[in-house]
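In the text below, chain A, chain B and the rest are named by the order of the sequence lines, each starting its count at 1. Keep in mind the model is a prediction, meaning the values are calculated, not measured. When reading the values below, keep in mind they use all heavy atoms of this one structure, side chains included, and skip hydrogens, waters and symmetry mates.
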Number of protein chains: 2
Amino acid sequence: MVQYLSPPIDLSFAALSDATRRGIIDELGRGDASITSLADKFQMTLTGMKKHVQVLERAGLVVTQKVGRVRTCKLGKRGLGAEAEWIEAHRKLFEARFEALDEIISEMKQEGSDD
Amino acid sequence: MVQYLSPPIDLSFAALSDATRRGIIDELGRGDASITSLADKFQMTLTGMKKHVQVLERAGLVVTQKVGRVRTCKLGKRGLGAEAEWIEAHRKLFEARFEALDEIISEMKQEGSDD
DNA sequence: TATACACTGAACTAAATGGTTCAGTATTTA
DNA sequence: TAAATACTGAACCATTTAGTTCAGTGTATA
């Protein structure tokens with residue numbers, strides 16, 4: 001039995017699994033933005049956009065600050081370092097697996113015969 | 001208005017957002033495995049494990065093949081290239097944002113005064 | 001001061017997730 | 001051939017997700 005515990009990366013990968021939220025990150029990469037401007041850009045209600053931003057905030061990817069009546073969203077200092085690390089480490093695993101010769105042979109042997 | 005279309009990366013990030021599924025990838029990195037052996041290792045019913053494997057399969061991260069009565073799971077040839085690319089490209093966006101001097105100054109100025 | 005603006009929270013919805021049990025089917029093995 | 005093994009599918013469950021509407025609150029502006 002193995003226990004895998006890693007609370008925060010769950011949240012960031014989940015946050016990144018939605019195209020709207022990835023789009024928000026793109027957008028904030030071009031400059032800070034209010035909830036209203038993001039809601040306009042992604043054709044969504046204010047409330048809907050607020051929820052997306054909250055998901056990104058909980059994942060640490062975005063930070064927000066409300067001054068006056070407008071809440072400004074920007075990219076979080078946390079960044080994507082942990083995610084990049086996980087992906088890179090495991091990308092090597094994938095590659096290593098395919099260097100085994102018999103893998104390649106059996107790959108060639110079936111070519112879509114699978115169930 | 002901006003439309004962000006990217007069907008497959010949604011599936012892989014969603015697949016990676018679960019610790020059990022990341023664990024399955026670790027495990028398959030060490031060698032191919034049956035549904036039963038994975039179910040044992042992660043203390044889960046066969047049916048539950050089958051679902052996790054299906055999620056990984058739909059994301060292209062794992063391929064399976066049934067021979068006789070055992071279904072063998074292995075890492076998919078698709079790999080994590082697209083994900084690595086997305087993450088790397090955006091990691092730079094994050095970093096670029098923090099190179100702006102006024103960002104750093106305003107970061108210093110508040111230090112946890114946020115809402 | 002009255003109006004418009006930007007957000008917020010509660011409540012609701014439909015669908016997806018992560019898990020289960022139970023009842024099979026197909027394949028080995030004794 | 002009988003029993004054990006490995007999986008499969010349907011059905012169910014509680015929770016989360018992605019969105020909505022509606023009714024506010026607080027802030028800026030005319």
Notebook entry, point to check: Tell me: CD1 of B:Ile35 to C1' of D:dT8, nearest whole Å?
Noted result: 10 Å
Next item on the list: Look at the aromatic rings of B:Phe13 and A:Phe13 and report parallel, tilted or perpendicular, splitting at 30° and 60°.
Entry: parallel
Next item on the list: Measure across A:Phe94 and B:Leu61 and return the closest heavy-atom pair with its distance rounded to 0.1 Å.
Entry: CE2-O, 3.3 Å
Next item on the list: Round to a whole Å and report the spacing from CG of A:Asp32 to P of C:dA6.
Entry: 17 Å
Margin query: Between C1' on D:dT17 and CG on A:Leu11, what's the gap in Å once rounded to a whole number?
Written below: 14 Å
Next item on the list: Starting from C1' on D:dG19, measure out to CZ on A:Phe42 and report it in whole angstrom.
Entry: 16 Å
Margin query: OP1 or OP2 of D:dT8 versus the side-chain N and O atoms of B:Lys66: is any pair under 4.0 Å?
Written below: yes
Note to self: Using a strict threshold of under 4.0 Å (side-chain N to carboxylate O), is an ion pair present between A:Lys92 and A:Glu95?
What the structure shows: no
Notebook entry, point to check: Atom CG of B:Asp18 and atom P of D:dT16: how far apart are they, to the nearest Å?
Noted result: 14 Å
Next item on the list: Check whether any side-chain nitrogen or oxygen of B:Lys50 sits under 4.0 Å from OP1 or OP2 of C:dG19, and answer yes or no.
Entry: no
Margin query: Any side-chain N or O of A:Lys51 below 4.0 angstrom from OP1/OP2 of D:dA18?
Written below: no
Check: Does A:Arg58 reach the main-chain N or O of A:Ala15 with its side chain, forming a donor-acceptor pair under 3.5 Å?
Finding: no
Check: Does the distance from a Lys or Arg side-chain N to an Asp or Glu carboxylate O, for A:Lys50 and A:Glu57, drop under 4.0 Å?
Finding: no
Check: What nucleotide among D:dT21, D:dA18, C:dG18 has an atom nearest to a side-chain atom of A:Thr45?
Finding: D:dT21
Next item on the list: Report, as a single string ordered 5' to 3', how protein heavy atoms within less than 4.0 Å touch nucleotides 22-30 of chain C: B base, S sugar-phosphate only, - not at all.
Entry: B----BB--
Margin query: Without decimals, in angstroms, what is the distance between A:His52 NE2 and C:dT8 P?
Written below: 16 Å
Margin query: Need to verify one output field. Residue with the more 5' nearest nucleotide on DNA chain C, B:Gly48 or B:Arg58?
Written below: B:Arg58
Check: Any sub-3.5 Å donor-acceptor pair from A:Arg21's side-chain atoms to A:Leu16's backbone N or O?
Finding: no
Item checked: Integer-rounded Å distance: D:dT20 C1' and A:Gln43 CD -> 15 Å
Notebook entry, point to check: Could you state the CG-P distance from B:Leu46 to C:dG18, rounded to the nearest angstrom?
Noted result: 18 Å
Check: Is the shortest side-chain N to carboxylate O distance from A:Arg30 to A:Glu27 below 4.0 Å?
Finding: yes
